[in-house]
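By convention in this document, chain letters (A, B, ...) are assigned in the order of the sequence lines, proteins followed by strands, and residues within each chain are numbered from 1.
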Number of protein chains: 2
Amino acid sequence: MSKTAAKDRTQITMRDIARMAGVSESTVSRALAGSQLVAEHTRLRILELARSTKYAVNEHARNLALGQTRTIEVLFPIERGTLQRVSDPFFVDMVAELIDALSTHDYDVLLSTSPPWSEVRPGCAFLGGRADGVIFVGQGRHREEIAEFARDNRIVVTWGAGGRRDEGCVIGTDNVRGGYLAARHLIALGRRQIAFLGDCTLPEIEERYEGYCAALREAGMEPGDALRINAPFDIDGARTVTVGLDRFGRHFDAIFAASDMIAMAAMANLQAAGARIPDDVAVVGFDDVAMAAHMHPALTTVRQNIAEGAQLMTAKIMAMLQGEKPKGEMLPAKLIIRDSCGAPLSMRQESGDQT
Amino acid sequence: MSKTAAKDRTQITMRDIARMAGVSESTVSRALAGSQLVAEHTRLRILELARSTKYAVNEHARNLALGQTRTIEVLFPIERGTLQRVSDPFFVDMVAELIDALSTHDYDVLLSTSPPWSEVRPGCAFLGGRADGVIFVGQGRHREEIAEFARDNRIVVTWGAGGRRDEGCVIGTDNVRGGYLAARHLIALGRRQIAFLGDCTLPEIEERYEGYCAALREAGMEPGDALRINAPFDIDGARTVTVGLDRFGRHFDAIFAASDMIAMAAMANLQAAGARIPDDVAVVGFDDVAMAAHMHPALTTVRQNIAEGAQLMTAKIMAMLQGEKPKGEMLPAKLIIRDSCGAPLSMRQESGDQT
DNA sequence: GCAAAACTTGCAAGCGCTTGCATAACAGTT
DNA sequence: AACTGTTATGCAAGCGCTTGCAAGTTTTGC
């Protein structure tokens, strides 16, 4: 009937409410905003009217008028099509915490997997003032792009590895320290052939490896490529790689996995191959996802404080919104010791085995 | 300097581009939209200008003018504060698939945990025309509210249990069938004391329990409350509950858990208590999260086809956007048999144990 | 009983973008 | 040279909401 299909807006508008209440739009607007400028009884009447008609303010119009969005874009640097699933609970938890933290500040979360620079839609749509700021959850293989993006758009916070150059505000766990703690713990337990499982081309993983190397060297060992196994980040991939682990046979007596998911996959493989954990192989993960404590044996891991991270990122972005220019920060990594590492090998000789 | 702080819009606007290019806003708008109405060279010039100035259309203004949002709100019915974390990979996967499916249709995803009816912000903000439609991922304890919401807002799709009454378009796995398959499988394996772990006050879980009961009755057994253990959905809670499992001692020889997370927690508990899986206790989960295949022993489970579910929900909501009124649908549940159930007990007597 | 000081409300001008319609520019026909 | 098509551009209205300012209505003070 009308010119454009899109124009068939059936939505009830503020004007309708105004008409029904016999007042002007201004008054309705103010009433809904809880302004003191509107008489108590008028406000109540309008509120009631709005409620009964299920009226809802059009956020776009509102944001346009207000020049804000009250929305933060949360971005996963996942290569679409390549890495099909996220699957790693770390991400869920992070998103959940982020939503929590942001909605505390009355911000919505726009979730996306396609980074701004990948937009190929012909013509329009570069970024888009659809959000007041953006949070990158992890850098993936796009450290450079993110850094550049952060430079152009003032309101950007990134979770990942950083602090090196002007990459904007980067928040992350102290991965180097985390890796160091993990490896040092295994060494202290008497392990000598410690394999590293992870994809070192990812900035965060690389840092964890760095820490691992530091611990090894500190103990007088030299990290070798033979013990560095390039496990992809997604669990199916991790499984595939670690399937061959038993072929390594006696070559390693411990594993430091770059993520809990990888650790779990490796553990399952080893167990299936008949290896005992921690007796034959000790395992340490990274993240401390909820499941980690509930494996058998429970997984020793390096905890990333996700809640704190989310809150910190939120705080930073709020500060940026206020015009400040906050620096990145590093959250402490904490080693959570559980059964998957067992007691020191020396003690083991005497007593039976774990616990 | 200016009146309101919010008015300090530093953002470059279409007018700026127009001015710079020496054309009108209309032309810029059309050029950016790839309209045929604008001369090739003009378009190129404008595009180049836009790129170099990092100009981005203001989506709010655009959507306002267009009367659309190109956004779908995805809602988790999580009680904020109560159930702190989602943690269940099922949700991540679902969100990831949803993002994928929706962005294929050029829709953004607005993620939220606070349902529209919970808004308590005084005055304004009821729902908000911030999205063209909403998808509920699970019903939680809000089946009624969701149903009512769906009735008022035409564009709503829900994942969960449904089909009973006018709850709008509900998509979900055939939970009853899934529960039935799981229990029947355990029975066929010779198990007789099958415990059910899950919170039956949740619609979906209740359906799974229903299927479980059906299988039991079919085999001439009567489901009893003694074997029904009310495990919460989140993993820590599940762990807490199942910690006492070993006290049940010989009381059960199998477990059907309402989700993989619960199953994993139960498995870890049982293993820690010295029980062998599947020899002493067979375990079946529900969901087939990525981890399920990578446990030791690998978890037998009922697969929910998340990708298909996400695509179906997306298709439904797109249809609704076109004015159609699609019906809900039930996706088939599929039993994925892995090691956590082992071979039939009868065969077991003869050979050693599993695989 | 009247002016001044509250209180309420409405007007109208935007917010940045899209688009129907009018207009200008420039061929291509007779 | 006048006329009709095309094609490229601009005008201006409008999307639904907010808000400074002005106007109207009470209430208060003396």
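- Considering only side-chain atoms of A:T42, the nucleotide from D:dC11, C:dC17, C:dT9 that sits closest is C:dT9.
- Here D:dC17 presents its C1' atom at 16 Å from CZ of A:R70, a figure rounded to the nearest Å.
- In terms of phosphate contacts, A:Y55 brings no side-chain nitrogen or oxygen within less than 4.0 Å of OP1 or OP2 of D:dG16.
- In this structure the side chain of A:Y55 reaches within 4.5 angstrom of the side chain of A:M14, judged on heavy atoms.
- Salt-bridge formation is detected for the pair A:E329/A:K316: a Lys NZ or Arg NE/NH1/NH2 atom is positioned less than 4.0 Å from an Asp or Glu carboxylate oxygen.
- The side chain of B:A39 sits closest to D:dA8 out of D:dG10, D:dA8, D:dC17.
- Looking at the side chain of B:T27, the nearest of the listed nucleotides D:dG10, C:dT19, D:dC17 is D:dG10.
- As rounded to whole Å, 15 Å separates atom P of D:dG16 from atom CD of A:E59.
- Among the nucleotides D:dG10, C:dG16, C:dC17, the one closest to any side-chain atom of B:L64 is C:dG16.
- Following rounding to the nearest Å, A:R15 (CZ) and D:dG16 (C1') show an atom-to-atom distance of 8 Å.
- In this structure, B:R19 places its CZ atom 15 Å from C1' of D:dG10, rounding to the nearest Å.
- If you measure from atom CE of A:M14 to atom C1' of D:dC15, you get 14 Å, rounded to the nearest angstrom.
- Between B:R62 and C:dT18 there is a side-chain N or O to OP1 or OP2 distance below 4.0 Å.
- With C:dC17, D:dT9, D:dC21 as the candidates, the nucleotide lying closest to the side chain of B:E25 is C:dC17.
- Not one side-chain nitrogen or oxygen of B:S26 sits closer than 4.0 Å to the OP1 or OP2 atom of D:dT9.
- Put simply, CG on B:D16 is 14 Å from C1' on C:dC15, counting in whole angstrom units.
- For A:E59 and A:R62, the salt-bridge test fails: no basic side-chain N is under 4.0 Å from an acidic carboxylate O.
- Between A:H60 and B:H60, the angle of the ring planes lies from 30° to 60°, which puts this pair in the tilted group.
- Rounded to an integer number of Å, the gap from CD1 of A:I46 to P of D:dT18 is 12 Å.
- The nearest whole Å value for the distance from the CG atom in B:L66 to the C1' atom in C:dG20 is 14 Å.
- Mapping B:A61 and B:L37 onto DNA chain D by nearest heavy atom places B:L37 at the nucleotide closer to the 5' end.
- The pair A:K54-B:E148 meets the salt-bridge criterion, since a charged nitrogen lies less than 4.0 angstrom from a carboxylate oxygen.
- The shortest distance between the side-chain N/O atoms of B:S29 and the OP1/OP2 oxygens of C:dT18 is below 4.0 Å.
- A:V28 comes within contact range of no nucleotide atom at all, as no heavy-atom separation falls under 4.0 Å.
- Minimum atom distance to the side chain of B:A65 is reached by D:dG14, of the listed D:dT18, D:dG14, D:dG10.
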